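Everything below concerns the one structure shown next.
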Amino acid sequence: MFKFEFQEFFSSFFSFLKKLLFTHWSSLLLLLIGVYLPLQIFRLLALELRENEGGFPFDLPILVAIHTTSQPYLDAIALRLTKLGSVWTVSPIVATIALILLFLKRWRSLVYLLTTTIGSAIINLTAKEIMHRVRPQLWNSPAPELDYAFPSGHAMTSMTLVAVLVILTWGSVSSWIILFLGSLFVLAIAWTRLYLGVHFPSDIVAGWMVSIAWAIGVSLIIKPNLTKILPVTETAPVEETSLLPEETQLVGED
């Protein structure tokens, strides 16, 4: 009798576990690939940089190799293109998207956009001050920078913008177009920072990783695509101006 109940207990548990994991496998995979792994890569880069002031073995060879392609016309392209990845260029784009979301009453998406982009900038500034990594000084850059190098602000700004747009449009054809064009944009900005000699490759990779983890992590909390994943019922909120039950309990209702 006891053996039968024991088997039935574990059979019920494993059945529950199987159904639960099967239902949420995509979210768990997203956490692993989109949050955990990028953060681990960023952590390893930061720890290695802390212990080795000379940087990483691959940093200098890559920079030197890119510098050997230097040409006057490439200088002009890099100088113009790199401005597209600066916070001064991306901020008006974010502000425009924010106004559109506001008028469309996509409040949850708007909160996600602002939280992710502003948070990314804060993370970048904080990490730079903590790491204090000096920028490369291998040659005279046509666009010198005076602040710290790690992680790259341009890499984080461009990656955060693309990641946010992909997440906000996820499930539509637009998301794949943004992913493709955005990837080219992110790579182009990274090339300009290396070509101009103002960042090490590890600065770029670190910026990418922390931006991806932050954008995906915030999306799992704020749920900007809530209307796409919840069934349309009388009790489930289908508008972005609605709060979930747990959110209502936290902030209270007027």
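Nothing fancy with the numbering, it's 1 onward along the sequence. None of these values were measured; they are calculated from a predicted model.
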When hydrophobic residues are tied together by side-chain contacts of less than 4.5 Å, even through go-betweens, does [X] share a cluster with [Y]?
X	Y	answer
V186	V87	no
Y148	M209	no
V111	L104	no
Y73	L81	yes

Name all residues meeting the side-chain contact (heavy atoms from CB on, under 4.5 Å) criterion together with T96; count only those two or more places apart in sequence or in a different chain, and write none if there are none. I100
Can you tell me how far [atom2] of [Y] sits from [atom1] of [X], rounded to the nearest 0.5 angstrom?
X	Y	atom1	atom2	value
S109	L102	OG	CG	12.0 Å
F103	L110	CZ	CG	11.0 Å
I123	W214	CD1	CH2	5.0 Å
L63	L138	CG	CG	6.0 Å
R108	I222	CZ	CD1	8.5 Å
L125	I130	CG	CD1	11.0 Å

May I ask you to decide if the ring planes of H67 and W139 are parallel, tilted or perpendicular, using 30° and 60° as cut-offs? parallel
Quick one, [X] and [Y] - any side-chain contact, counting heavy atoms below 4.5 Å?
X	Y	answer
F150	K128	no
F200	L60	yes
V198	P136	no
S219	I167	yes
V134	Q137	yes
R193	E145	yes
S202	F58	yes
L79	T192	no

Run the numbers on W191 and L74 for side-chain contact (heavy atoms from CB on, under 4.5 Å), then give the verdict. CA-CA 11 Å; W191 169 77; L74 287 179; 4.3 Å; yes
Only counting residues at least two apart or in another chain, list the ones meeting side-chain hydrogen bond (donor to acceptor under 3.5 Å, both in side chains) with S86. T89
Not counting sequence neighbours, which residues clear side-chain hydrogen bond (donor to acceptor under 3.5 Å, both in side chains) with D147? List them please. R135
Mark yes or no for whether Y112, through its side chain, and I221, through its backbone, hold a donor-acceptor pair below 3.5 Å. no
Please check this pair: side chain of H199 against backbone of A149, looking for a donor-acceptor N/O pair closer than 3.5 Å. yes
Shortest non-hydrogen separation from [X] to [Y] and the atoms involved:
X	Y	answer
L196	A78	CD2-CB, 4.0 Å
L113	V94	CD2-O, 3.7 Å
P151	N124	O-ND2, 3.0 Å

Please identify which of these residues, D75, T82, T69, meets the side-chain hydrogen bond (donor to acceptor under 3.5 Å, both in side chains) condition with Y195. D75
Hey, can you pull the donor-acceptor pairs under 3.5 Å for the side chains in residues 158-166, sequence neighbours left out?
{"unit_1": "S158", "atom_1": "OG", "unit_2": "H154", "atom_2": "O", "d": "2.8"}
{"unit_1": "S158", "atom_1": "OG", "unit_2": "A155", "atom_2": "O", "d": "3.2"}
{"unit_1": "T160", "atom_1": "OG1", "unit_2": "S120", "atom_2": "OG", "d": "2.9"}
{"unit_1": "T160", "atom_1": "OG1", "unit_2": "M156", "atom_2": "O", "d": "2.6"}
{"unit_1": "T160", "atom_1": "OG1", "unit_2": "S211", "atom_2": "OG", "d": "3.3"}

Could you pull out all residues at least two apart from F185 that satisfy ring-ring contact (aromatic ring centres under 6.0 Å, His included)? none
Other cluster members, F180 - Ile/Leu/Val/Met/Phe/Trp/Tyr, side-chain contacts below 4.5 Å: V173, I177, L181, L184
